[in-house]
There are 2 protein chains.
Amino acid sequence: MAEQNGPSTQQIVEKVWLSIAERRLRPGVQLKEEQMAAIFNVSRARIRQALTVLERDGLVTIIPNRGAFVSKPSVEEARDVFFVRRTVERCVVERLSRSVSKADLKRLRDHVAKERIANAQDITTDIIKLSGGFHLLLAETVGSDFLFTTMRDLISRSSLITAVYRNTNRFNCGPDEHAEIVEAITNNDVDKATRLMAHHLEHVESELDLSEIRDLSHDLRSALA
Amino acid sequence: MAEQNGPSTQQIVEKVWLSIAERRLRPGVQLKEEQMAAIFNVSRARIRQALTVLERDGLVTIIPNRGAFVSKPSVEEARDVFFVRRTVERCVVERLSRSVSKADLKRLRDHVAKERIANAQDITTDIIKLSGGFHLLLAETVGSDFLFTTMRDLISRSSLITAVYRNTNRFNCGPDEHAEIVEAITNNDVDKATRLMAHHLEHVESELDLSEIRDLSHDLRSALA
DNA sequence: TCATTTCACATTGTTGACAATTCCGCAATC
DNA sequence: GATTGCGGAATTGTCAACAATGTGAAATGA
């Protein structure tokens with residue numbers, strides 16, 4: 001009977017992820033099932049499933065019999081995520097620089113172009129999605145399913161970390177640095193590509209203020225709308 | 001009201017994981033919710049949750065409206081997992097060899113001792129759990145939550161891969177090689193530790209037969225009992 | 001006034017039933 | 001004989017009601 005099917009689990013996950021990345025949902029906020037079910041117009045069961053996935057992604061922390069809360073990554077966790085990223089992404093660009101198809105290069109260039117457009121038009125939502133998406137696309141291009149999954153986890157957590165600790169107004173991952181990396185990959189310049197990636201990640205990390213978390217309660221409905 | 005509470009979600013996940021690692025559950029086998037609910041004596045909802053986690057771990061593949069099946073890792077996926085493991089675990093032992101507490105060293109040695117016992121007594125279940133657990137313990141000791149999670153994913157997939165492609169009768173990860181690695185870490189010998197780990201992983205991978213998957217249907221109840 | 005107990009409310013966890021979808025066998029047709 | 005269309009059975013997806021748990025505020029006593 002119709003039930004005006006609401007968004008799928010994956011869509012809910014993405015929506016919450018975006019809300020966190022855009023800082024509309026602050027760490028510590030409780031994600032109440034019933035409330036979310038009302039907002040997304042779905043049953044609690046589906047919300048529950050989405051929360052399970054989000055916990056697995058490290059974006060929310062579920063405390064049994066208490067509920068799900070937006071995670072508060074500690075400073076050490078933040079440093080660790082970037083440490084792992086340096087290791088993993090170095091490996092990614094290394095493999096790509098050695099062998100990459102023309103079609104893949106085109107996809108990468110097209111993606112950077114999209115990033116440029118989003119930046120020029122200053123569409124925050126697209127900027128966030130695409131800047132993380134670039135790193136994800138790199139991992140995907142390698143062709144390793146595991147690498148891709150790992151990268152997705154890293155990107156999710158990075159978004160959360162950036163949302164919490166960012167001290168500048170600009171969002172991370174400018175398209176220019178991405179473009180340089182693509183260029184180095186195109187030229188099969190392994191050394192330059194890895195150096196650029198390392199520098200890029202350092203740059204992103206350097207824009208974080210690793211002092212304290214500012215707590216701020218928030219209205220769930222307006223954040224997820 | 002009592003309901004003789006069945007196993008928790010995590011326990012179910014572990015049980016399935018073990019069944020897969022022990023080759024009692026073969027790739028391609030469908031994990032029917034109702035059947036599993038009956039076997040574990042819990043509701044379908046909990047089974048469903050466990051399956052979601054298992055999918056995230058890469059052990060099962062969920063096809064919408066079809067069901068959950070034990071994953072069939074391809075040869076490329078197998079190679080990729082070991083490639084990533086070489087990268088990640090190298091990073092792990094590198095960090096550990098630089099700085100490790102006495103208490104941590106004791107835990108590592110105790111773990112190897114347990115492995116020795118399990119091997120001596122030839123208890124397959126323990127051997128499998130502990131040999132994967134060693135690598136997991138290494139990652140945990142580093143103190144990075146993300147590294148630990150990543151390692152757990154890798155171990156899960158490795159178990160599946162080993163279960164599918166292993167061509168020898170012995171299980172991977174002999175305790176002797178583990179002991180050597182611990183010793184190198186104890187001596188803060190970064191170079192030796194990384195070399196030993198690389199060699200160890202090569203050894204494990206070399207025992208795999210990367211030709212073809214042999215299909216074989218199976219009885220679900222006896223496999224999970 | 002402060003600590004402690006009690007109790008009601010809010011939230012999560014679980015269950016069983018129902019709806020929707022897919023698969024498999026069978027028959028009819030070309 | 002191969003193919004296609006058509007139920008019926010099996011399985012997954014969804015929901016709403018109920019039970020269990022934790023929280024916080026009010027009441028009580030020192």
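These numbers come from the heavy atoms of this one structure, side chains and all, not from hydrogens, waters or symmetry mates. These numbers come from a predicted model, not from an experiment. Lettering follows sequence order; numbering is per chain, from 1.
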What is the distance from [atom1] of [X] to [atom2] of [N], rounded to the nearest Å?
X: A/Q35; N: C/dA10; atom1: CD; atom2: C1'; value: 12 Å
X: A/I12; N: D/dG13; atom1: CD1; atom2: P; value: 15 Å
X: A/R48; N: D/dG13; atom1: CZ; atom2: P; value: 17 Å
X: B/L51; N: D/dT12; atom1: CG; atom2: P; value: 9 Å
X: A/F40; N: D/dC15; atom1: CZ; atom2: P; value: 15 Å
X: B/N41; N: C/dT14; atom1: CG; atom2: P; value: 14 Å
X: B/I47; N: C/dT15; atom1: CD1; atom2: C1'; value: 14 Å
X: A/E33; N: D/dC15; atom1: CD; atom2: C1'; value: 14 Å

OP1 or OP2 of [N] versus the side-chain N and O atoms of [X]: is any pair under 4.0 Å?
X: A/R46; N: D/dT14; value: yes
X: B/Q30; N: D/dT12; value: yes
X: A/R66; N: D/dT23; value: yes

>> Looking at the base of D/dG13, is there any donor atom on it, or on the side chain of B/R44, that sits under 3.5 Å from an acceptor on the other one?
In response: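 Answer yes: a donor N or O sits under 3.5 Å from an acceptor.
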
So, are [X] and [Y] salt-bridged, with charged N and O less than 4.0 Å apart?
X: B/R56; Y: A/D57; answer: yes
X: B/K106; Y: B/D110; answer: yes
X: A/R157; Y: A/D80; answer: no

> Looking at B/R85, B/R86, B/R166, which one forms a salt bridge (Lys or Arg N to Asp or Glu O under 4.0 Å) with B/E205?
Replying inline: B/R86

>> Can you work out whether A/N65 or A/Q49 has the more 5'-proximal nearest nucleotide on DNA chain D?
In response: A/Q49

